[in-house]
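The first residue in the sequence is number 1, and the count goes up from there. What you see is a predicted model, and the numbers here were worked out from it, not measured in a lab. All ligand and atom numbering here is 1-based and tracks the order in the structure.
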Amino acid sequence: MGTDIKSKNWVSGMTEQNKKDLSFDEFDEVHNNRNVTIEFDDVVDRALSRRGFLGGALAMSTASFILGAGAFGSSKAQAATNRFGFTPVEATTADTITLPEGYSWHPVATWGEPIFSDVPEFDHVTRGTAATQARAFGDNNDGMALFSKDGRHILAVNNEYTNRDILWEGGVPADADAILKGKNAHGISVVEIAQNDGKWSIVKDSEFNFRITPDTEMEITGPARGHDLLKTAADQTGTKSLGTWNNCGNGRTPWGTYLTCEENFNGYFSSSDKELELDPALKRYGINHDDWGYGWAQIDERFDVAKHPNEPNRAGYVVEIDPMDPTATPKKRSALGRFKHENAELVVADNGHVVVYLGDDERGEFLYRFVSEGKYDPNGDNSNLLENGKLYVAKFHDDLSGEWLELTPETTGMASQAEISIHTRQAASAVGATTMDRPEWVASNPNKAEVYCCLTNNKNRGVKPNAGGDPTPVNGPNPREANKYGQIVRWAPEGGDHTATGFGWNLFVLAGNPTVHEGPKAGSANVNAGNIFNSPDGLSFDSRGFLWIQTDGSYSNADDFAGMGNNQMLVGDTETGDIFRFMVGPKECEVTGATWSEDKKTMFVGIQHPGEKGDSVFPGGEGTLPRSCVIAITKDDGGLMG
Ligand code: FEO
Ligand code: CA
Ligand code: CA
Ligand code: CA
């Protein structure tokens, strides 16, 4: 099958060069053209009506809820005070990690690095085999969490996808083993790490080391369990699933489990029948006749929707994993809905219910909240708390209030809670939820009842509807048409109760470029020439309440993005609204994922897809392939990092 696969153009109508020029989400857009234009006058009217909002003063004076006195104003009104105490770094296009003086970094775990000693070291020529990849650290690390117990430190890391141009010489797989190698580079890597002479590294052969791949058996729990839409040839009971892939952001629970979130699961399915009429429900999730170049259907029939139309319904969930037990069966939590999950930010509300905030990262999709039926018991068994509960979707009003709309058969007109758990996007459309500018990570302040979400960008805002046909006019939290830069919205639950129906909201920052634009594209007042960035994506609070912002945007450093350099990580002070650039990543990378050591003296940060277009040798240097990796950042004086 080798030569067939090699010559195949995986995506109809696109040249190899086209594909290389597209970002991951642009690829989905081209691949799933859902173009329907809406009335231009309507767009302009709404955009104009937002001007008052963007001025800031109106927003704050009429706010039902005001977060931090300085939002939208402090940086320009007075010198920013950096409570973190570092000198911010300049934007740069250097092919390395750039940190403030007094901080150092080192790689901890790198794509292809063996986690068992019977696997050879990564081979920069062959790039490994399916067998070596299955026992090595996966590719494109994204969300992660460090679990510490009895002096052992277990790092669970998502391996979101693979850089096909790097994984396969020439960008196309030579044979079935090469396709399987790509498949095995997906999933989760769980590794014990230890610190020696100040440097963290993988403990090879630890009994805690294991990989989860797209073939690992999992159990489906919650309302969708056993539903007809989940029954497939591989599991006629609708209660099991094979594997997880495109695991983007993550979450963690106070009972010690890891939550991994299935995002662009659609890009792995294809149809052997190119004339196949695709079910609208599959199309809503971006399933199409061609995959995105991974070729999995060539080696695994499950990924052929002409033969197994229900297979895609077994993906798109949050999966709960016990990172301390390689033998435990991971559980897909259908109660948390099915969509392109970014991360899962879990908060225990004061009344004991577990609340999980969830974003669906696609243009014009929605923001969700799960509230558990049971209550968290610090001394009890919490292992099934995520099995049952209520699922809500956010509706933002322009007066800075908002509400959570519950998704039930009554509110949505859908047949059952099971169906809502599988066709969650359709349920949210049915209740008229607010279309958002691609919700990425959600982060909850550990010291205050307030929650933040990155809305990374949305070139379709005010231009065309979402994949379900819902119009996407500019609206309160998404105030700019054809939004190139993104923003961070924040909300406070009514009465400080995360299970309350109502909330108040405002924008923490509108990213922009004040060096090339005036007006809305310049961004909010807390954006200035010294901290410009675009496309906020990763978002994590440290234990002190500082907000770490990671970017996944344009690194062209030109035109609209002039002066922004490579993707970067900044720290936000949510009390003052000030934002400072802490780190710049290497060329063509995205910065994603953050977790801290037990003593808070190390911050672990993900560097994903350096050199995705060919221009990086990070982290190995001259003559090596660029490789995604987890890095550790420490303070040279041994001070705290989080
Ligand atoms: Fe995998 Fe939405 O980022
Ligand atoms: Ca992301
Ligand atoms: Ca992103
Ligand atoms: Ca990514």
Query raised in the report: Within less than 3.0 Å of the Ca ion (ligand 2), any N, O or S from E342?
Result: yes
Report task. Indicate whether any N or O donor in one side chain lies under 3.5 Å from an N or O acceptor in the other, for N163 and N140. Result -> yes
Query raised in the report: Any idea which N/O/S atom from E342 gets closest to atom 2 (Fe) of ligand 1?
Result: OE1
Requested in this report: Using 2.8 Å as a strict upper limit, say whether an N, O or S atom of E263 approaches atom 1 (Fe) of ligand 1 that closely.
Outcome: yes
Query raised in the report: Would D552 count as a contact for atom 2 (Fe) of ligand 1, in the sense that one of its N, O or S atoms lies under 2.8 Å from it?
Result: no
Query raised in the report: Among the N, O or S atoms that E440 has, which is closest to the Ca ion (ligand 2)?
Result: OE1
Query raised in the report: For the residue pair H186 and W296, is the inter-centroid distance of their aromatic rings smaller than 6.0 Å?
Result: yes
Query - M569 and W548, any side-chain heavy atoms less than 4.5 Å apart - result: yes
Query raised in the report: Any side-chain donor-acceptor pair under 3.5 Å between S616 and D95?
Result: yes
Query - Proximal heteroatom of D361 relative to atom 2 (Fe) of ligand 1 (N/O/S) - result: OD2
Report task. Classify the side-chain pair E345/S444 by whether it contains a donor and acceptor separated by less than 3.5 Å. Result -> no
Report summary line: Result for salt bridge (Lys or Arg N to Asp or Glu O under 4.0 Å) between D437 and one of R480, K484, K459, R461 points to R461
**Report entry** Option among W596, F84, Y452 that satisfies the ring pair (Phe, Tyr, Trp, His ring centres under 6.0 Å) test with F546
**Finding:** F84
Report task. Check E440 and report its N/O/S atom nearest to atom 2 (Fe) of ligand 1, by atom name. Result -> OE1
Query - Presence of N, O or S from D537 under 3.0 Å of the Ca ion (ligand 2) - result: yes
Query raised in the report: Of the backbone and side-chain N, O or S atoms of E160, does one lie nearer to atom 1 (Fe) of ligand 1 than 2.8 Å?
Result: yes
